[in-house]
Amino acid sequence: MAHLPIVQFEEQIIRTVEDNSVVVVIGETGSGKSTQLSQMLHRHGYSKRGIIGVTQPRRVAAVSVARRVAQELGVKLGEEVGYAIRFEDRTSDLTRIKYLTDGVLLRESLSDPELSHYSVIILDEAHERSLNTDILLGLVKRLTKLRASNLKVLITSATLDGEKVSEFFSESPILNVPGKLYPVEVVYSRERPISYTESCLKTALDIHRKEPEGDVLIFMTGQVKVFSPAPPNCRRFIVATNIAETSLTVDGVVYVVDSGYVKQRQYNPSTGMYSLDVVQISKVQANQRAGRAGRTRPGKCYRLYPSLMYQDELLDVTVPEIQRTSLAGTVLYLKSLDLPDIDILKFDFLDPPSAESLEDALKQLYLIDAIDENGAITSIGRTMAELPLEPSLSRTLLEANENGCLSQALTVAAMLSAETSLLPNRSSKNNEKKRKQEPVELPTGSGYGDHIQMLQIYEQWDRNGYDIRWCRDTGLQERGMVFVKDVRKQLSQIMQKIAKGSTDVRANRRYRESEHDYRNLRKALCVGYANRLAERMIQHNGYRTIGFKPQLIQVHPSSVLKADDDGMFPNYVVYHELIATSRPYMRNLCTVEMRWVSPIFKKLENLDVSKLSGGLHRDVRNGEGKSLELTKKENVAARTPDDHESRVLAARERFLARKAQK
DNA sequence: GAGCACTGC
């Protein structure tokens, strides 16, 4: 502890915190900021009138840092020092220092909007700009005014964006704390490489031939096929994605090879489509990567791009997640806080998302009844916000509860919440060769699509007593399935607490209908996914999204949904997401019936985005309502041809086209 | 008939 650089700044830090409600701390890797700031404030009495809360973007970090601080203070974890992450709250009445994920703090603020339990809030790793951190930055800024007398806020960030954060908090002071990294020599390429894989391999081999011992960490954008040069003196080569920038620390790394690129998922609010793009990293990321070479001794970082590119082309800071993701959940959350002085389109973000993105979110929320036509949150929306799910799934749960199929919907929602793909990739020939015995057959959704398949899979696991061996035999991801079980349990508990009427949440509850057509569940999904509906084209198996700007899309080949005997897909489906890879696809879909869809068309006709924002009157007063006016007109134009009769006609045509094919 | 970086409630 004493050897940490931050310790010698204790007095200065405390003095600055005394005099200011917000302090920005620039601390490089190894400065000890995550473990020491909370202890310093604790020593100086800041934990007497409230808890010192420290947020982390990742769960493992929250746990491991809490553990270390408890150890340093010589207390039992969960008493004076504790942590709270999803599924696990290790705090008690004694807790004075609390580490938590920023997601958990956001949840807490739902029931305690002023976060009154806390005397200090430290937002750690703010430079990573996770969605939750960004929302917290806005909320906390508001709190510093509301609770000016009894709340201290510390934001820790990286060198390159400290100024910006300070400006956001009305020029709050910036403290610099040096890190404890060894010097890292940065070597640039003379030119841009033609092939990054080749250039990586060449650089790695060069290091191996010319440099003294030490492991090599190589940052690429994805899986690399073959990369194991037989090492005579045993040097490790670790090929990693950006996971090694933050989540994963590899000891013994002395050399870093940085491709300069990262694969990033982005959301396009005008099409509702996600894409995975290989993009240039930011300077913050480049420095983070380089820093991985200097953890144990002086190291070297080989950047596979020219220094001019670093200076001129790389953005200073990573594009914040809030500008790359669908904001339906975020907007619903903010609406549910009922902040009187807040118009969603004007919420004080460090980097505001585009008006288009916020409007997209409002439209989505309107279609699933979370907000009314004036943009006010509904009682349904309020209940939805309690659930740690994306709004479509929250809405599905509430509807399913009305339909008497909550148990099934809980399972589907939990399955869809699982991080990575749970299902084995059966089609690949490699897998078949590797597997010794034939895998147990999985259910296929009875022709209703992927949601139903997920339900059937989980039910089968349930019938097998949640045996982990069953997952192994079927090729399902074991850890993923356990996660699903945890999520399902959490959702069940929340539903029992908040939902009206009877809620039967037992996973093994058998419905007679489940043997047949899953009608009630699919109906509930249709209501929840009213904003993700697609209609098949008349002559072929392509689909068109129904909404504001129709997109032409295909069923993703991984879908369990198969064409019928006539070679055709169903007329209407709801989808979980749109993803543009080699083509625009919809992934994870469920068949629905036309008569369930009709109310959605009606809602689309009544929609007026300018009213939804709930802030137009104010905008007019301030003379700033331009972007809203534009989108309003464009939406009206896009939806006029979608009346009920023409849909019935189209459905009939599809039927006839199908007959003709026979 | 494709192919998926990484978090989190």
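Proteins come first, then strands; the chains are lettered A, B, ... in the order of their sequence lines, and each starts at number 1.
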Rounded distance (Å) that lies between atom [atom2] of [N] and atom [atom1] of [X]:
X	N	atom1	atom2	answer
A/Tyr267	B/dA5	OH	P	22 Å
A/Gln285	B/dA5	CD	C1'	11 Å
A/Phe219	B/dC6	CZ	C1'	13 Å
A/Tyr274	B/dC6	OH	P	17 Å
A/Leu393	B/dC9	CG	P	17 Å
A/Ile322	B/dG8	CD1	C1'	14 Å
A/Glu577	B/dC4	CD	P	11 Å
A/Gln266	B/dT7	CD	C1'	16 Å

Taking atom types as modelled, find out whether A/Glu313 and A/Tyr305 have a side-chain donor-acceptor pair closer than 3.5 angstrom. no
Check your understanding: Which part of the nucleic acid does A/Ile85 contact within heavy-atom distance under 4.0 Å: base, sugar-phosphate only, or nothing?
Key -> sugar-phosphate
Practice problem: Pick base, sugar-phosphate or nothing for A/Thr101, based on heavy-atom distances below 4.0 Å to the nucleic acid. | Solution: sugar-phosphate
Among the candidates [options], find the nucleotide nearest to the side-chain atoms of [X].
X	options	result
A/Arg265	B/dC6, B/dA2, B/dG8	B/dC6
A/Arg58	B/dG1, B/dC9, B/dG8	B/dG8
A/Arg587	B/dC4, B/dA5, B/dC9	B/dC4
A/Arg59	B/dC9, B/dC4, B/dG1	B/dC9
A/Ser582	B/dA2, B/dC9, B/dC4	B/dA2

Salt bridge or not for A/Lys263 and A/Asp277, using N-O below 4.0 Å?
-> no
5'-most contact on DNA chain B (nearest-nucleotide basis), A/Leu387 vs A/Leu276, goes to A/Leu276
Between A/Ala580 and A/Leu389, the residue closer to the 5' end of DNA chain B by nearest nucleotide is A/Ala580
Sorted by chain and number, sequence neighbours left out, salt bridge (charged side-chain N to carboxylate O under 4.0 Å, His left out) with A/Asp360 holds for none
* Is it the case that A/Arg532 places NZ or CZ above or below the six-membered ring of A/Tyr575, under 6.0 angstrom from the centre and within 45 degrees of the axis? -> no
Those residues at least two apart in sequence (or on a different chain) that pass side chain to side chain contact (heavy atoms under 4.5 Å, CB included) with A/Arg107 are A/Leu110, A/Pro388
